[in-house]
Amino acid sequence: MALLSPLARKLCVARGIDPALLRGTGPRGRIMAADVPLQQPAPLPAGEPAAGRGPHMADYSLHPTRAEKDGYYIYDDEVNMQALAGISLPIAVQCEKLLEKRYSLFDYIVRAVVRACTSTPEWAPERVDTMLFERCGENTSAIPDSAGKTIYHIARATRADTPPPPHYHPHIVVCDAFTTRAQVAEQLSSDNRPDFAFVARGGTPKVGIRVGREEVHNYLLPYTFYASTKAIPPAVANRIAAELHALLFNPVRLLLLT
């Protein structure tokens with residue numbers, strides 16, 4: 001029986017998952033919470049050990065919650081970001097002097113979206129450019145080569161308030177809760193459509209949540225994730241949507257560049 005962390009054991013029970021089917025990434029192949037998928041993975045091939053291998057994206061997936069529209073698969077989801085807020089506080093305190101402001105939870109959301117979208121070899125452009133709409137869509141920031149940036153560098157890019165240069169073609173767009181479709185359309189023409197888009201939902205603009213600065217009572221984050229039907233095969237889009245959910249729910253891997 002593979003080694004199992006207490007949180008990973010709890011998640012396996014809650015999701016009805018057999019730990020013997022999982023690959024652990026912790027010390028001595030220990031199965032960590034980040035290794036537990038959203039649903040039961042497929043059995044491993046005969047003779048292949050479960051422990052000691054990295055998590056395999058093909059083991060789990062989500063499915064679109066709505067019919068395809070405007071050339072996108074659509075995933076409506078919700079995740080509790082309490083764990084994300086918990087790890088962001090000590091890091092934010094340490095980096096406050098460097099940035100003059102603490103990280104916001106939205107910096108982590110941007111990192112999660114980029115990491116999820118680039119987690120599959122089926123979609124792997126040489127350079128991934130991202131565009132962020134925040135402050136209710138009134139402020140836009142370009143994050144070029146975002147796949148190679150840590151959360152610190154993403155935060156620096158968003159704090160710089162650098163508008164996107166002319167003819168900027170983002171692969172990924174991330175929007176806060178109150179960004180409107182019209183605001184996005186002003187920046188992106190019909191022939192400049194991103195491959196992925198993340199739109200936060202709910203009554204509070206998530207960019208306003210700054211850990212340690214404002215009292216937050218509800219960490220539930222409803223969101224909609226879009227994946228281009230032209231650029232992404234459906235099975236790959238489903239796995240990317242599941243990876244995004246997993247990163248937001250259990251965000252330890254967001255601290256790693258690879």
Restricting to non-hydrogen atoms, name the atom on [X] and the atom on [Y] that form the minimum distance, rounded to 0.1 Å.
| X | Y | result |
| --- | --- | --- |
| L247 | A116 | CD1-N, 3.8 Å |
| A241 | Y75 | CB-CD2, 3.6 Å |
| P19 | I31 | O-CD1, 3.4 Å |
| D195 | Y72 | O-CE2, 4.0 Å |
| P170 | T130 | CB-C, 4.2 Å |
| A157 | A142 | CB-O, 4.3 Å |

What's the spacing between [X] [atom1] and [Y] [atom2] if we round to 0.5 Å?
| X | Y | atom1 | atom2 | answer |
| --- | --- | --- | --- | --- |
| L3 | R9 | CG | CZ | 9.5 Å |
| C117 | I172 | SG | CD1 | 4.0 Å |
| I232 | N238 | CD1 | CG | 11.5 Å |
| S146 | I154 | OG | CD1 | 6.5 Å |
| L248 | Y108 | CG | OH | 13.0 Å |
| L221 | R201 | CG | CZ | 11.0 Å |

State, with a plain yes or no, whether a side-chain heavy atom of [X] is found less than 4.5 Å away from one of [Y].
| X | Y | answer |
| --- | --- | --- |
| L4 | R30 | no |
| L22 | C12 | yes |
| V110 | L132 | yes |
| P125 | H171 | yes |
| V174 | F133 | no |

Look at the side chain of [X] and the backbone N and O of [Y], then say whether any donor-acceptor pair between them is shorter than 3.5 Å.
| X | Y | result |
| --- | --- | --- |
| D176 | T179 | yes |
| T120 | W123 | no |
| T118 | A147 | no |
| T65 | D76 | yes |
| Y168 | L188 | no |
| K149 | P144 | yes |

Open item on the list: Just checking Y73 against Y226, ring centres under 6.0 Å apart?
Closed with: no
TODO: Before accepting this row, confirm whether a basic side-chain N of the pair R239/E122 lies closer than 4.0 Å to the acidic partner's carboxylate O.
DONE: yes
- [ ] Evaluate the ring planes of F196 and F225, with Trp represented by its six-membered ring, and classify them as parallel (under 30°), tilted (30 to 60°) or perpendicular (over 60°).
- [x]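 Aromatic pair F196/F225 classed parallel.
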Open item on the list: So, applying side chain to side chain contact (heavy atoms under 4.5 Å, CB included) with C175, which one of T140, V184, T224 is it?
Closed with: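 Of all the options given, the one that passes is V184.
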Open item on the list: Checking R193 against S228: is there a side-chain donor and acceptor pair closer than 3.5 Å?
Closed with: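 On atom types as modelled, these side chains do not qualify, holding no pair under 3.5 Å.
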TODO: For N192 and H169, test the side chains for any donor-to-acceptor distance below 3.5 angstrom and give the result as yes or no.
DONE: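 Indeed, the side chains of N192 and H169 share at least one donor-acceptor pair under 3.5 Å.
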Task: In one Ile/Leu/Val/Met/Phe/Trp/Tyr side-chain cluster, 4.5 Å: V199, F178 - done: no
- [ ] Could you tell me whether R127 atom CZ has more than 12 heavy atoms of other residues or ligands within 6.0 Å of it?
- [x]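 Yes, the 6.0 Å shell around CZ holds more than 12 heavy atoms from other groups.
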